[in-house]
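See structure below.
Values in this document were obtained by computation on a predicted structure and should not be read as measured data. In what follows, chains carry the letters A, B, and so on, assigned in the order in which the sequence lines appear, proteins first and then strands, with residues in each chain numbered from 1.
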Number of protein chains: 2
Amino acid sequence: MEHKLDAIFAALADPTRRAILAMLLEDDMAVTDVAAPFAMSLAAISKHLGILADAGLIARERRGRVIWCKLEPDGLRAASVWMQGFGQMDVMDLDAFEAFLQTADAQGDHDDLENQSA
Amino acid sequence: MEHKLDAIFAALADPTRRAILAMLLEDDMAVTDVAAPFAMSLAAISKHLGILADAGLIARERRGRVIWCKLEPDGLRAASVWMQGFGQMDVMDLDAFEAFLQTADAQGDHDDLENQSA
DNA sequence: GCGATCGTCAACCATTTGGTTGAATATGCA
DNA sequence: TGCATATTCAACCAAATGGTTGACGATCGC
């Protein structure tokens with residue numbers, strides 16, 4: 001569990017990676033679309049996504065040519081549990097979080113993304 | 001606020017530094033006492049403490065020859081606020097946390113440490 | 001003042017990190 | 001089949017990280 005914390009906090013320590021997580025909070029995205037807003041190469045973004053995936057913060061799934069990235073709802077659990085000891089922070093309600101993500105997905109509120117990358 | 005997150009998460013990404021924070025959660029400590037349990041030089045620990053202080057996670061105060069290290073109760077706020085968006089996590093109750101630290105301090109439940117380093 | 005203790009500073013070193021580019025792999029389309 | 005798209009891989013580079021050692025500055029006790 002300790003080593004996981006290393007990877008999670010290290011992953012969160014980079015602003016590009018935090019921005020990627022924030023984007024994925026709104027929608028699942030293809031790698032190319034994740035990379036679009038950033039002033040760096042696709043390969044660099046691919047590396048960032050690898051780091052986020054290794055830390056368990058996102059999952060990647062290939063569908064045809066496109067690799068879709070989505071948040072891993074459980075990913076921040078170890079970090080939140082650790083931080084809990086330093087401020088009476090409530091543990092994340094991950095079940096509610098997962099339900100929220102699935103609901104958003106089912107409602108199809110990311111049509112724009114599906115269209116722009118299909 | 002962004003740059004603070006970089007520093008905070010980077011500081012938390014190291015197991016030595018997380019261990020130091022956990023030690024300081026129980027008691028304020030002198031640098032030498034912080035270093036004692038670790039298999040590395042005092043200079044290395046001093047660097048770690050500098051990183052924690054730069055991130056706003058601890059404060060150092062010189063009293064005589066000894067520099068006392070203590071948790072900075074507000075230090076994790078930016079990180080917890082950021083993480084809050086990823087799981088309906090409740091923001092830390094920092095006032096309660098600070099009150100808790102001061103209560104523990106007033107109760108003098110760290111005499112052992114004061115003795116071993118006086 | 002002197003010697004011991006506390007802690008940092010400076011220089012150095014190996015490893016990791018975050019980025020680049022160009023080639024390679026995998027899939028879809030015509 | 002053959003080309004375009006999507007993504008990763010490999011090699012490389014500069015800068016940051018985490019550690020070392022030895023010298024230095026502050027402070028205490030005698």
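Side chain of A:Arg65, nearest nucleotide from C:dG19, C:dC6, D:dA4: D:dA4. Here the side chain of A:Met40 is nearest to one of D:dG18, D:dT7, C:dT20, namely C:dT20. With C:dT8, D:dA6, D:dT8 as the choices, the nucleotide that has an atom nearest any side-chain atom of A:Thr32 turns out to be D:dA6. The side chain of A:Leu42 has D:dT7 as its nearest neighbour among D:dT7, C:dG18, D:dT21. Nearest to the side chain of A:Lys47, among D:dA6, C:dT20, D:dG18, sits C:dT20. Of the candidates D:dT8, D:dG19, C:dG7, the closest approach to any side-chain atom of A:Arg60 belongs to D:dT8. Here C:dG18 is the nucleotide among D:dT7, C:dG18, C:dG7 with the atom lying nearest to any side-chain atom of A:Ile51. Comparing atom distances between the B:Val66 side chain and each of C:dC6, D:dC9, D:dA4 picks out C:dC6 as nearest.
Within the structure, a side-chain polar atom (N or O) of A:Arg17 is placed less than 4.0 Å from OP1 or OP2 of C:dG18. The phosphate of D:dT8 has OP1 or OP2 within less than 4.0 Å of a side-chain N or O from A:Ser46.
Taking atom CG of residue A:Asp6 and atom P of nucleotide C:dT17, one finds them 10 Å apart after rounding to whole Å. As rounded to whole Å, 15 Å separates atom C1' of D:dG19 from atom CG of B:Leu49. Rounding to whole angstrom units, CD1 of residue B:Ile67 and P of D:dC28 are separated by 12 Å. Whole-Å rounding puts the A:Ile20 CD1 to D:dT7 C1' distance at 14 Å. With rounding to whole Å, B:His48 atom NE2 is found 16 Å from C:dG7 atom C1'. Distance CZ (A:Phe38) to P (C:dG19): 10 Å, rounded to an integer number of Å. Residue A:Glu61 contributes atom CD, which lies 18 Å from atom P of D:dA6 at whole-angstrom precision. When rounded to the nearest whole Å, the span between CG of B:Asp14 and C1' of C:dT17 equals 15 Å.
A salt bridge is defined here as a Lys NZ or Arg NE, NH1 or NH2 lying under 4.0 Å from an Asp or Glu carboxylate O, and A:Glu72 with A:Lys70 fails to meet this definition.
Side-chain contact between A:Met83 and A:Phe9: present, with at least one pair of heavy atoms (C-beta onward) separated by less than 4.5 Å. Contact check for A:Trp68 versus A:Asp27: no side-chain heavy atoms found under the 4.5 Å cut-off.
Considering all non-hydrogen atoms of both residues, B:Arg60 and B:Ser46 come closest at NH1-O, 4.1 Å. For the pair B:Ala35 and B:Ile45, the tightest heavy-atom approach, listed with the atom from each and the gap, is CB-CG1, 3.7 Å.
B:Ala43 comes within contact range of at least one nucleobase, with a heavy-atom separation under 4.0 Å.
When the nearest nucleotides of DNA chain C are assigned to B:Val31 and A:Ala39 by heavy-atom distance, the more 5′-ward of the two goes with B:Val31. Both A:Thr16 and B:Ile45 sit near DNA chain C, but only B:Ile45 has its closest nucleotide nearer the 5' end.
Here the rule is side chain to side chain contact (heavy atoms under 4.5 Å, CB included) with B:Leu49, and of B:Asp54, B:Leu57, B:Ile67, B:Val31 only B:Val31 fits it.
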